[in-house]
Peer 1: 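Handing you a structure now.
Since we're looking at a predicted model, the values are computed, not measured. For the single chain, residues carry numbers from 1 onward in sequence order.
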Amino acid sequence: MEILVNEAMERIRDFLRTLPSQAAADVSGAEELARTLVEGLPTEGTPFPELLDLLFDRLLPKTFNTAGPGYLAYIPGGGIPMSAIASLIADSVNRYVGVWLAAPGFAQLEANVGRWFCEIFGYPRGAIGLLTSGGSMSNLIGIVTARRTRLPDNFLSATIYASDQTHSSVAKAAVIAGFPQGNVRTIPSDDVFRIDLSKLWETVHEDRNRGLTPFLIAANAGTTNTGAVDSLEDLADMAREEGMWLHVDAAYGGFFMVTEDGRAVLKGIDRADSITVDPHKGLFLPYGTGSLLVRDATTLRRAHSLHADYLPAMRDDDDLIDFCQVSPELSRAFRGLRVWLPLKLYGIGPFRRNLQEKIELARWITNQLKQIDEIEIVAEPQLSLLAFRIKLPGLDEEALNRINRRFLDAINARKRVYLTSTRLGGRFVIRICVLSFRTHMDRMQMALDDIRAALNEVISRDPHA
Ligand SMILES: *Cc1c(COP(=O)(O)O)cnc(C)c1O
């Protein structure tokens with residue numbers, strides 16, 4: 001094992017060392033490559049170095065470089081090396097953390113991680129933080145918990161409310177949880193992409209008058225489109241007045257709570273009944289690390305507890321948690337160690353400074369872009385995500401969409417940064433999301449240089465400009 005780990009480490013070292021000069025994304029020819037890999041069950045073994053060659057030399061270069069500093073697309077991931085070391089340890093000792101009794105100390109470390117997250121969000125004692133595989137799963141567990149807490153077994157008249165900017169995983173979770181798709185109400189958003197409160201109020205009351213049961217508001221704390229944060233205080237007031245469950249999807253934005261600026265933007269989030277956060281986004285951890293925080297742990301427990309004759313007796317204790325009693329999983333990965341090890345090793349300080357830096361980098365590039373005449377900022381950063389596009393007089397929306405699509409391609413062709421687009425009210429816009437712990441000022445300067453160069457290229461080619 002030691003020899004193999006050392007061989008793998010050599011490749012990892014070279015990969016990490018060259019990260020800054022690697023393409024921000026390169027999938028040219030990757031489809032053909034993927035097709036050549038289709039094969040049957042191997043009957044013979046293959047030498048380890050050959051397998052490492054395949055992984056590191058052939059497959060790795062043909063990907064979105066989600067670990068690199070130039071990845072400003074979608075929502076950047078993380079991958080701090082200390083978590084990889086934690087995974088090596090966790091997978092090697094392979095302890096069972098589904099029930100408390102099987103590894104009491106390890107289960108406690110994971111419970112602590114959940115407790116720290118609750119502390120970050122200002123949740124009271126009696127709250128619980130559960131580690132999940134990601135934000136989609138957290139949204140699902142949150143909605144099921146709300147449903148089982150607030151609704152009878154026949155819940156088909158119950159309705160769910162979310163803005164038109166809400167992540168698709170919320171509607172998907174509602175449908176998987178058994179709600180008819182039509183019971184998920186899409187509420188328009190305002191000019192800064194926050195849920196329109198008066199429209200929400202109107203729709204809730206219309207539904208109630210029609211004999212339906214308004215039941216849950218899914219609020220946004222950092223949308224994937226533009227990073228918009230709904231008015232959480234107002235939504236908390238409305239949820240209380242209407243007797244509704246408030247779930248906040250803070251998968252992208254949540255961990256900005258460790259910064260002072262973030263706390264101001266996310267004010268009121270502690271009043272939510274449940275919160276989705278994604279450590280594999282905002283805490284720079286590897287993919288497969290999500291979290292759901294629930295204000296009243298007993299609701300989560302009641303929605304998920306089980307009894308089986310072949311399992312050991314379960315605890316009903318705030319400190320000693322049987323994770324199988326508070327989640328859909330029984331056997332599960334020891335995700336806690338991936339979070340616990342870096343937080344214990346470094347403390348929260350470096351995470352706070354890194355997230356504050358991301359906020360400042362997003363503000364910086366926004367201000368730089370504002371100084372370019374042909375560029376319009378479509379969404380100012382509320383946290384670290386912004387949207388912009390080329391806007392030229394005399395061009396209709398269709399022509400603008402075409403030119404912006406070329407603009408995005410021209411930026412990405414330089415391969416130093418990778419940006420993605422979205423649509424806002426029919427407009428094609430380009431997004432920048434700064435969330436990687438490896439993204440610093442030097443890379444933002446490259447982003448700006450490439451945006452300027454791409455702009456000149458696209459405009460000089462367009463006869464209308
Ligand atoms: C990423 C994201 C999700 C989905 O989370 P996964 O971890 O990708 O499953 C949900 N909501 C928002 C706002 C997100 O940014």
Peer 1: Show the nearest heavy-atom pair for residues T226 and A379, with the distance to one decimal.
Peer 2: CB-CB, 3.6 Å

Peer 1: Less than 4.0 angstrom from a charged side-chain N to a carboxylate O is my criterion; do E398 and R427 meet it?
Peer 2: no

Peer 1: Would N367 and Q371 count as having a side-chain donor-acceptor pair, cut-off 3.5 Å?
Peer 2: no

Peer 1: L72 versus T439: any side-chain heavy-atom pair under 4.5 Å?
Peer 2: yes

Peer 1: For the CD1 atom of I80 and the CZ atom of R438, what is their distance to the nearest 0.5 Å?
Peer 2: 9.5 Å

Peer 1: If we only count heavy atoms from C-beta on, is the L130 to V294 side-chain gap below 4.5 Å?
Peer 2: no

Peer 1: Heavy-atom distance under 4.5 Å between the side chains of L59 and L33, does that happen here?
Peer 2: yes

Peer 1: Return all side-chain donor-acceptor pairs below 3.5 angstrom for residues 111-126, not counting sequence neighbours, or 'none' if the list is empty.
Peer 2:
residue, atom, partner, partner atom, Å
R115, NH2, D319, OD1, 2.8
Y123, OH, A272, O, 2.6

Peer 1: Side-chain contact, heavy-atom cut-off 4.5 Å: E376 with V378?
Peer 2: yes

Peer 1: Does CZ belonging to R35 count more than 12 external heavy atoms closer than 6.0 Å?
Peer 2: no

Peer 1: Hey, what do you get for OG1 (T276) to CD1 (I143), rounding to the nearest 0.5 Å?
Peer 2: 8.0 Å

Peer 1: Any chance you could lay out the side chain to side chain contact (heavy atoms under 4.5 Å, CB included) test for I141 and H304, step after step, and finish with the verdict?
Peer 2: CA-CA 9 Å; I141 299 171; H304 293 92; 3.6 Å; yes

Peer 1: Begin from the C-alpha positions of T159 and N183 and carry the test side-chain hydrogen bond (donor to acceptor under 3.5 Å, both in side chains) through to its verdict.
Peer 2: CA-CA 5 Å; T159 42; N183 290 24; over 6 Å; no

Peer 1: Step by step, would you call S163 with S189 a side-chain hydrogen bond (donor to acceptor under 3.5 Å, both in side chains)?
Peer 2: CA-CA 6 Å; S163 88; S189 46; 5.3 Å; no

Peer 1: Hey, could you give me each pair passing side-chain hydrogen bond (donor to acceptor under 3.5 Å, both in side chains) that has a residue in residues 206-215? Not counting sequence neighbours.
Peer 2: S157-T213, Y161-D207, R185-D207, D207-R210, R208-E242

Peer 1: My understanding is that only one of N220, D230, T186 makes a side-chain contact (heavy atoms from CB on, under 4.5 Å) with T166; could you say which?
Peer 2: N220

Peer 1: Flag yes if more than 12 heavy atoms outside M137 fall under 6.0 Å of its CE atom; otherwise flag no.
Peer 2: no

Peer 1: From D164 CG over to K199 NZ, what is the distance, rounded to the nearest 0.5 angstrom?
Peer 2: 10.0 Å

Peer 1: Do you know the tightest heavy-atom contact between S421 and L408?
Peer 2: CB-CD2, 3.8 Å

Peer 1: Using the six-membered ring of F323, assess whether NZ or CZ of R332 lies under 6.0 Å from its centre and within 45 degrees of the ring axis.
Peer 2: yes

Peer 1: Classify the angle between the aromatic ring planes of F407 and F388 as parallel (below 30°), tilted (30 to 60°) or perpendicular (above 60°).
Peer 2: perpendicular

Peer 1: Can R295 and D273 be counted as an ion pair, charged N to O under 4.0 angstrom?
Peer 2: no

Peer 1: Can you classify the ring geometry of Y418 versus F64 as parallel (below 30°), tilted (30 to 60°) or perpendicular (above 60°)?
Peer 2: tilted

Peer 1: Please round to the nearest 0.5 Å and tell me the distance separating atom CG of L385 and atom OG1 of T422.
Peer 2: 10.0 Å

Peer 1: Once ring pair (Phe, Tyr, Trp, His ring centres under 6.0 Å) is applied, what residue pairs with a partner in residues 186-218 remain, sequence neighbours excluded?
Peer 2: F179-F215, W201-H205

Peer 1: Can you see which heavy atom on R338 is nearest to which on A333, and at what distance?
Peer 2: NH2-CB, 4.4 Å

Peer 1: More than 12 heavy atoms of other residues, nucleotides or ligands under 6.0 Å from NZ of K172: yes or no?
Peer 2: no

Peer 1: With distance as the sole test, does R389 use its side chain to make a donor-acceptor pair with the main-chain N or O of I430 at under 3.5 Å?
Peer 2: no

Peer 1: Do the side chain of R352 and the main chain of V258 share a donor and acceptor less than 3.5 angstrom apart?
Peer 2: yes

Peer 1: Does H247 reach the main-chain N or O of A218 with its side chain, forming a donor-acceptor pair under 3.5 Å?
Peer 2: no

Peer 1: Any Lys/Arg nitrogen of R414 or E457 sitting under 4.0 Å from an Asp/Glu carboxylate oxygen of the other?
Peer 2: yes

Peer 1: Using only atom types and a distance under 3.5 Å, with no angle test, would you say the side chain of T224 pairs donor to acceptor with the backbone of H167?
Peer 2: no

Peer 1: Do M444 and W364 make a side-chain contact, defined as non-hydrogen atoms from C-beta onward lying under 4.5 Å apart?
Peer 2: yes

Peer 1: Grab the two heavy atoms, one from L292 and one from S138, that are nearest each other, plus how far apart they are.
Peer 2: CD1-O, 3.5 Å

Peer 1: Looking just at side-chain N and O atoms, do D278 and H280 make a donor-acceptor pair shorter than 3.5 Å?
Peer 2: yes

Peer 1: Please name the pair of heavy atoms, one in T289 and one in V339, separated by the smallest distance, quoted to 0.1 Å.
Peer 2: CG2-CG2, 3.8 Å

Peer 1: Could you measure the distance from the CD1 atom of I365 to the CZ atom of R443? Nearest 0.5 Å is fine.
Peer 2: 12.0 Å

Peer 1: Could you pull out all residues at least two apart from K358 that satisfy salt bridge (Lys or Arg N to Asp or Glu O under 4.0 Å)?
Peer 2: none

Peer 1: So does S198 get a backbone contact from the side chain of D196, meaning a donor-acceptor N/O pair under 3.5 Å?
Peer 2: yes

Peer 1: Taking K370 first and then E380, would you say they form a salt bridge - that is, a charged N and a carboxylate O separated by under 4.0 Å?
Peer 2: yes

Peer 1: Is there a donor-acceptor pair closer than 3.5 Å between any side-chain N or O of T63 and the backbone N or O of N65?
Peer 2: no

Peer 1: Could you tell me whether a side-chain N or O of Q325 sits under 3.5 Å from a main-chain N or O of S305, the two making a donor and an acceptor?
Peer 2: no

Peer 1: Can you tell me if D26 and S28 form a side-chain donor-acceptor pair at under 3.5 Å?
Peer 2: yes

Peer 1: Any donor-acceptor pair under 3.5 Å linking the side chain of N401 with the backbone of F428?
Peer 2: yes

Peer 1: Looking at residues at least two apart in the chain, or sitting in another chain, which of them share a salt bridge (Lys or Arg N to Asp or Glu O under 4.0 Å) with R271?
Peer 2: E233, D237

Peer 1: If you take all heavy atoms of P342 and L337, which pair is closest and at what distance?
Peer 2: CD-O, 4.0 Å

Peer 1: Just so I know, are the side chains of R452 and I372 near enough to count as touching, which here means a heavy-atom distance under 4.5 Å?
Peer 2: yes

Peer 1: Below 4.5 Å, heavy atoms only, C-beta onward: do V204 and L200 meet side chain to side chain?
Peer 2: yes

Peer 1: Distance-only, no hydrogens or angles: does the R431 side chain make a donor-acceptor pair with backbone N or O of N225 under 3.5 Å?
Peer 2: yes

Peer 1: Kindly say whether L131 contributes a backbone atom to a donor-acceptor pair with the side chain of R335 at under 3.5 angstrom?
Peer 2: yes

Peer 1: First locate atom CG of D249, then atom OG of S136, and finally report the distance between them rounded to the nearest 0.5 Å.
Peer 2: 8.5 Å

Peer 1: Quick check: do V248 and S274 have side-chain heavy atoms less than 4.5 Å from each other?
Peer 2: no

Peer 1: T259 vs D261, test: side-chain hydrogen bond (donor to acceptor under 3.5 Å, both in side chains). Steps then yes/no.
Peer 2: CA-CA 6 Å; T259 70; D261 288 349; 6.0 Å; no

Peer 1: Identify, with sequence neighbours excluded, every residue that meets side-chain contact (heavy atoms from CB on, under 4.5 Å) alongside A362.
Peer 2: P381, S384, L386, V434

Peer 1: Of I411, D450, I390, which is the lone residue that meets side-chain contact (heavy atoms from CB on, under 4.5 Å) with L455?
Peer 2: I390

